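Only a predicted model underlies this, so the values are computations on that prediction, with no experimental measurement involved. Sequential numbering from 1 along the given sequence is applied to the chain's residues.
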Amino acid sequence: MSTAVITPLVEARGVVKRYGPTTALQDGRLTVLPGESHALVGRNGAGKSTLVTLLTGLQAPDEGTVHFDGEPAPPLSDRDAWRRKVACVYQKPTVVPELTVAENLFINRQPLERGFISWRRLKAEAAELLDTWDVHVDPEARTADLKVEDRQMVEIARALSFGARFIILDEPTAQLDNREIERLFTRMRALQESGVTFLFISHHLQEVYEVCQTVTVLRDARWITTAPVADLPRSALVEAMAGEAMAEQAVLNREVHDRAPVVLDVRGLTSEVYQDIDLTVRRGEVVGLAGSSASGKIELAESLAGLHTPTHGTARLDGERLPFGDVRAALDAGVGCVPRDRHDQGLVAGMTVGDNATLSVLDRLGRFGFVGTDSRRHVAAELIERLDIHTEGPEQPVSDLSGGNAQKVVMARALATDPRLLVLINPTAGVDVKSKESLLARVDSAREDGTAVLVVSDELADLRRCDRVLVLFHGRVVAEHPAGWRDHELIASIEGVDHGEGVDHG
């Protein structure tokens, strides 16, 4: 009996891409069948982003071929043909925030009547498009006011309206909480049933198992394996990504001596998004803050780093009042911070690795406003070595680095001031397995140096490094978990289950 051969919706064979002396992709291969969710995984620098630029027609491969539905990919100049084939929803929005949802859906192709835009038809066609794909968003809403998950669905609906049935999702869950992720996955499954095919790029391997049928692994710019997700145990997947068997991180249950001095003392801190927060962090203690994206955890941490001004309450660092609403003053007071978004808040894209790493300590590197080149180079080189930043040297533009190494530069700058309090917000978001390990090792060394560390994260692996984890729910601390907690206990607190009793969180 003959079995019908299914024509792949997308197929890349032996693709090579070089940028000058650097080979970004040596042997890229991908075969995606219609109607599946196909995961593309690999550490930062493995070649995933390069493959996406080739699959979306932003660049042409130097060697190899890309086919859609058995036909060669369109020429790069024919953007309309590419739009009908494929779209990518990136971490950074590609919608215009100031325009409405309807305007974004039909940008540059608005319905006209007598040469003028017909706003009535625009709204009606947008409502029909959103309804077709079951996207529950008001067509007249300003896109900037949408939640991340709704903005992503608008971008997907826009892509589908061009006729594309192959959607690349690049780290789609990086800014979503657990409930929002579950909703995204439900929508993905429904769209799959309607004939949409996804390429899903994520560093969260658990998500690959939840939502994908097939996985392709890239490592060191080469294709390593493609396999059904069900046939690939998690340990084998990590091994394929890392090129070595990686031991599961042991849970290290540590106890900070109760007599260690309190470095951070927060009392009654209140703002629009969190209420009446009391917390302490002792010398050499790592305290985690967990909660959904609406819990207030990030705003609380950002307040301590000088980004916001609370309406009530105090925070003291070694007995001195912490200044609010002034990042420079917080830095001078002894707070180092890794902000939540390395692109917007963490790095100056036009500057070098060395300049970015030493921005926080320029006043120490020279006198009267002049910065000594030698001293800056020396400090930058020390930080690059200390954090194992893979770079050609301090003079390399920071924009050339992979996500993991870029995040290490942000961490280097936070550590450069030898802070008394280190505030880390999603410190390993969007970085590969090995960079994650390297960044978390810095948390351990900060603890050993006696620094007080506050870690805000959605990643259980980040929170496992903590001596205790406080959970925020709707702006209040509702639970405290000492080291050694079980996943389901912490997730239950984050999701608002079992909040019957009050807790002591000093």
Side-chain angles (χ1 to χ4, degrees), residues 83-84 86-113 116-165 167-194 196 198 200 211 271-274 291-299 302 307-308 340-341 343-345 426 429 458 473-475 496:
R83 276 191 201 100
R84 289 194 293 271
V86 56
C88 184
V89 178
Y90 296 94
Q91 270 189 53
K92 293 185 193 170
T94 57
V95 285
V96 182
E98 295 311 314
L99 296 183
T100 65
V101 167
E103 289 167 326
N104 267 298
L105 286 171
F106 292 101
I107 203 161
N108 295 335
R109 51 183 184 138
Q110 298 93 336
L112 302 177
E113 271 177 23
F116 295 97
I117 292 173
S118 167
W119 297 105
R120 184 183 51 77
R121 270 180 56 206
L122 177 72
K123 185 187 164 192
E125 288 180 21
E128 186 182 350
L129 172 63
L130 294 168
D131 188 49
T132 299
W133 297 106
D134 200 28
V135 179
H136 304 290
V137 177
D138 178 2
E140 295 184 272
R142 209 171 64 111
T143 311
D145 299 334
L146 295 183
K147 293 187 299 196
V148 174
E149 58 171 329
D150 288 332
R151 187 261 298 164
Q152 289 175 339
M153 292 310 296
V154 167
E155 292 194 51
I156 291 172
R158 182 175 67 183
L160 294 170
S161 73
F162 283 105
R165 292 295 175 266
I167 309 286
I168 300 170
L169 298 177
D170 186 8
E171 295 281 346
T173 62
Q175 296 168 37
L176 303 181
D177 65 27
N178 294 339
R179 213 179 262 108
E180 291 164 340
I181 290 168
E182 200 40 62
R183 278 201 294 268
L184 172 70
F185 289 173
T186 302
R187 285 167 158 177
M188 280 176 68
R189 291 179 190 112
L191 287 168
Q192 263 184 271
E193 286 174 17
S194 307
V196 180
F198 290 100
F200 182 80
V211 83
S271 77
E272 287 179 359
V273 285
Y274 53 81
S292 72
S293 59
S295 66
K297 67 178 192 287
I298 287 178
E299 293 80 1
E302 288 181 342
L307 282 158
H308 311 299
R340 69 168 118 170
D341 186 328
H343 302 292
D344 291 346
Q345 302 166 300
N426 292 338
D458 302 317
F473 188 76
H474 294 322

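With sequence neighbours excluded, the residues satisfying side chain to side chain contact (heavy atoms under 4.5 Å, CB included) with Arg183 are Lys147, Glu149, Arg179, Glu180.
Of the inter-residue distances, the one linking Lys297 atom NZ with Phe473 atom CZ reads 12.5 Å to the nearest 0.5 angstrom. The line from OH of Tyr90 to CD of Gln152 is 14.0 Å long, rounded to the nearest 0.5 Å. With rounding to the nearest 0.5 angstrom, the OG1 atom of Thr186 is 11.0 Å from the CG atom of Leu191. Taken to the nearest 0.5 Å, the CD1 atom of Ile167 stands 14.0 Å off from the CZ atom of Phe200. Taking OG of Ser161 as the start and CD1 of Ile156 as the end, the distance is 12.5 Å to the nearest 0.5 Å. Rounding to the nearest 0.5 Å places CG of Leu146 at 10.0 Å from OG1 of Thr100.
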Let's go through Asp150 and Arg187 carefully: what are the C-alpha distance in whole Å and the side-chain angles of both, what is the deciding distance for salt bridge (Lys or Arg N to Asp or Glu O under 4.0 Å) to 0.1 Å, and is it a yes or a no?
CA-CA 11 Å; Asp150 288 332; Arg187 285 167 158 177; 3.8 Å; yes
For side-chain contact (heavy atoms from CB on, under 4.5 Å), just list the numbers for Tyr274 and His474, CA-CA rounded to whole Å, side-chain angles, deciding distance to a tenth of an Å, and then say yes or no.
CA-CA 7 Å; Tyr274 53 81; His474 294 322; over 6 Å; no
side-chain contact (heavy atoms from CB on, under 4.5 Å) evaluation trace for Val101 with Asp138:
CA-CA 7 Å; Val101 167; Asp138 178 2; over 6 Å; no
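Here the side chains of Leu169 and Met188 are in contact, with some heavy-atom distance below 4.5 Å. A 4.5 Å side-chain heavy-atom check between Leu184 and Val211 finds every atom pair outside the cut-off.
A pairwise comparison of heavy atoms in Gly291 and Asp458 identifies O-OD1, 3.7 Å as the closest pair. When all heavy atoms are compared, the tightest approach of Ala87 to Ala159 is CB-CB, 3.2 Å.
Looking at Arg151 and Glu155, a side-chain N of the basic residue comes within less than 4.0 Å of a carboxylate O on the acidic one, giving a salt bridge. A salt bridge between Arg189 and Glu182 is present, with a side-chain N of the basic residue lying under 4.0 Å from a carboxylate O of the acidic one.
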